[in-house]
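Input: a single structure, listed below in structure tokens.
Counting starts at 1 for both ligands and their atoms, in listed order.
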Amino acid sequence: MLLDNEKLFSSALGWGIILERLFPRGLMLLDFDEHRLHRRALSVAFKSGPMRSYLTELNAGIANGLAQWPHGREFKFYPAVKRLTLDLAATSFLGTALGPELEAVKQAFVAMVAASVAVIRTPLPGTQMGRGVRGRALIVDYFNRQIPLRRERGGEDLFSQLCRATWDDGSFLSNADIVDHMSFLMMAAHDTLTSSLTSFVYRLAANPDWQKNLREEHRGLALAPREPLPFDRLDDLALTEMAFKEAMRLTPPVPSMPRQAVRDFEFSGFRIPAGAGVNINPLFTHYMPQLWPEPDRYDPTRFTAAASRGRHKFAFIPFGGGAHMCLGLNFAYMQAKCFTWHFLNKFRVSVPRGYRPDWRMWPIPQPRDGLKVSLTSA
Ligand code: HEM
């Protein structure tokens, strides 16, 4: 299903049920040849030049955000990292010159994301969907006004990159395309990063030995503790990456990827009719004992080069795979490393012995109690 060599599975029809109303024509809501063209046009925003400048914003935003977090008392991690991720998206995706509209844009965006999973799907007044549809109207208006300015003025943020992105023939993407892709990108990044950083910090809190290992790795960079993490040192954080991967194996931020069959087909002797909904389920795959011995155990060494050798390409799929594989994967690793660098330099994190968060797994995992952790000085 991920490779979909025979073009049997529509991502647009699978995800459309949840996302179509608020995030129409985002990349996951396009299929086949049209999807390929749009993906190619968007990929300029994820090349190393732009990524370098997003990291500058991430370093500044994370350092500022963490400066507000309290030392020495219990702290709800999930809502705090959710706010931080939204602030980071506002600066690295939209640029720092957002001015007085910043709060309205952020709130509109939060309303859209909440509405995308609302039970009542009609935008009645007072409902989440009603607020989400109003939020979309504000975002569409804001982006439309900004596009000509961004083309003229330049800017290194993701939005400005998309305003300057072109099709193969050199022409710009239409305003409608930019608006839809931008809204979708912000949505795709926001809750997934919040969820993955939450499960990661929980694992570090519950496994102090790994917290220590990562701190040692950080010390090995020989940078001053408050220094921004340089782009050229990202690859030196191999242990951090392994520890983050293992957190995502255990708590995949996208636990299920829906598709719809576009033609009848047969699988293992079953006839699947066109129009059937089908799912790829990382939460299942990531716990298969034949791929992951003692699957419940947190063990980042599963991701050393030697341990990964020979493992099935799709045994580990927090970012999906094939045509729709996450376009922001490197952004996600970069933000996770940058966050960990600043966070572990500043704090020691712990949870009471034996504490296990009660995760609400769908549609994106979040701890029901907000993940209560203790932060003390590192
Ligand atoms: C830990 C963080 C993240 C996780 C776990 C994650 C996971 C995923 C998954 C599983 C898919 C594929 C869904 C499918 O095939 O049905 C996907 C697609 C996508 N993601 Fe992410 N994502 C993350 C962060 C980001 C970020 C930071 C961005 C943008 C900056 C982003 C942008 C996208 C886009 C544009 C797609 C659609 C790709 C396509 O359809 O071609 N994601 N992501």
* Does the gap between the ring centers of Trp292 and Phe303 come in under 6.0 Å? -> yes
* Structure fact -> If we number the atoms of ligand 1 from 1 as shown, the ones under 4.0 Å from a heavy atom of Gly320 are 10 (C)
* Close N or O approach (His35, ligand 1; < 3.5 Å) -> yes
* Protein heavy-atom partner closest to atom 13 (C) of ligand 1 - residue, atom, separation in Å -> Met28 SD, 3.7 Å
* Do the two ring centres, one from Phe77 and one from Phe200, sit under 6.0 Å apart? -> no
* To do: Check the pair Glu227, Arg233 against salt bridge (charged side-chain N to carboxylate O under 4.0 Å, His left out), reporting the backbone distance first and the verdict last.
  => CA-CA 12 Å; Glu227 219 175 298; Arg233 305 305 298 275; over 6 Å; no
* Got the closest protein heavy atom to atom 33 (C) of ligand 1, with its distance? -> Ala188 CB, 3.7 Å
* Asked: Got the closest protein heavy atom to atom 23 (C) of ligand 1, with its distance?
  -> Thr192 OG1, 3.4 Å
* **Distance filter under 4.0 Å to Trp15 heavy atoms, resulting ligand 1 atoms** => 14 (C), 16 (O)
* From the options Phe184, Phe9, Phe200, select the one whose nearest heavy atom is closest to atom 36 (C) of ligand 1. => Phe184
* To do: Note the single closest protein heavy atom to atom 28 (C) of ligand 1, along with its residue, its atom name and the distance in Å.
  => Gly328 CA, 3.5 Å
* To do: For the pair His286 and Phe316, name the ring-plane relationship: parallel under 30°, tilted 30 to 60°, perpendicular over 60°.
  => parallel
* Is it the side chain, the backbone, both or neither of Phe331 that has a heavy atom closer than 4.0 Å to ligand 1? -> side chain
* Distance from atom 4 (C) of ligand 1 to nearest protein heavy atom, with residue and atom -> Phe319 CE2, 3.4 Å
* To do: Could you tell me which atoms of ligand 1, counted from 1 in the order shown, lie closer than 4.0 angstrom to a heavy atom of Arg39?
  => 38 (C), 39 (C), 41 (O)
* To do: Determine whether any heavy atom of Ser11 lies closer than 4.0 Å to an atom of ligand 1.
  => no
* To do: Tell me, please: is Arg259 in heavy-atom contact with ligand 1, that is, under 4.0 Å?
  => yes
* Asked: Taking the six-membered ring for Trp, are Phe75 and Trp69 parallel (under 30°), tilted (30 to 60°) or perpendicular (over 60°)?
  -> tilted
* Structure fact -> Judged by heavy atoms only, the candidate from Pro255, Ser196, Ser43, Ser195 nearest atom 1 (C) of ligand 1 is Ser196
* Structure fact -> When distances are taken from atom 10 (C) of ligand 1, the protein heavy atom at minimum range is Pro318 O, 3.2 Å
* To do: Apply the test salt bridge (charged side-chain N to carboxylate O under 4.0 Å, His left out) to residues Lys212 and Asp209: give CA-CA distance (whole Å), side-chain angles for both, the deciding distance (0.1 Å), then the verdict.
  => CA-CA 5 Å; Lys212 187 163 152 267; Asp209 48 337; over 6 Å; no
* To do: Provide the number and element of each atom of ligand 1 under 4.0 Å from a heavy atom of Ala323.
  => 41 (O)
* Would you please indicate yes or no on a ring centroid separation below 6.0 angstrom for Phe159 and Phe143? => yes
* Before giving the answer on salt bridge (charged side-chain N to carboxylate O under 4.0 Å, His left out), spell out for Arg203 and Asp299 the whole-Å C-alpha distance, their side-chain angles and the decisive distance to 0.1 Å. => CA-CA 10 Å; Arg203 297 291 166 188; Asp299 178 8; over 6 Å; no
* Asked: In the protein, what heavy atom is nearest to atom 27 (C) of ligand 1, and what distance, to one decimal place, separates them?
  -> Ala189 CB, 3.4 Å
* To do: Determine, considering heavy atoms only, which of Ala332, Cys326, Ala336 sits nearest to atom 25 (C) of ligand 1.
  => Cys326
* Would you call the rings of Phe339 and Phe343 parallel, tilted or perpendicular, where under 30° means parallel and over 60° means perpendicular? -> parallel
* To do: Please report the C-alpha distance between Lys82 and Asp191 in whole Å, then the side-chain angles of each, then the deciding distance to 0.1 Å, and finally whether the salt bridge (charged side-chain N to carboxylate O under 4.0 Å, His left out) criterion is met.
  => CA-CA 7 Å; Lys82 191 165 168 119; Asp191 273 356; 3.0 Å; yes
* To do: Specify side chain, backbone, both or neither for Leu27, according to which of its non-hydrogen atoms lie closer than 4.0 Å to ligand 1.
  => both
* Phe93 neighbourhood, listing ligand 1 atoms whose heavy-atom distance to it stays under 4.0 Å -> 30 (C)
* Asked: How about Leu214 and Leu237: do any of their side-chain heavy atoms sit closer than 4.5 Å?
  -> no
* Asked: Looking at the rings of Phe9 and Phe265, which for Trp means the six-membered one, are their centres under 6.0 Å apart?
  -> yes
* To do: Using heavy-atom distances, let me know which of His324, Met186, Arg36 sits nearest atom 12 (C) of ligand 1.
  => His324
* To do: For the residue pair Thr240 and Glu217, confirm or rule out a side-chain donor-acceptor distance under 3.5 Å.
  => yes
* **Plane angle bin for His38 and Trp167 - parallel if under 30°, tilted between 30 and 60°, otherwise perpendicular** => perpendicular
* May I ask you to identify the nearest protein heavy atom to atom 35 (C) of ligand 1, giving residue, atom name and distance to one decimal place in Å? => Leu185 CD2, 3.6 Å
* Which of the numbered atoms in ligand 1 are below 4.0 angstrom from a heavy atom of Phe46? -> 30 (C)
* Asked: Where's the contact between Pro252 and ligand 1, heavy-atom distance under 4.0 Å: side chain, backbone, both or neither?
  -> neither
* To do: Answer yes or no for Gly321: is there a heavy-atom contact with ligand 1 below 4.0 Å?
  => no
* Salt-bridge criterion met for Arg83 and Asp87 (N-O under 4.0 Å) -> no
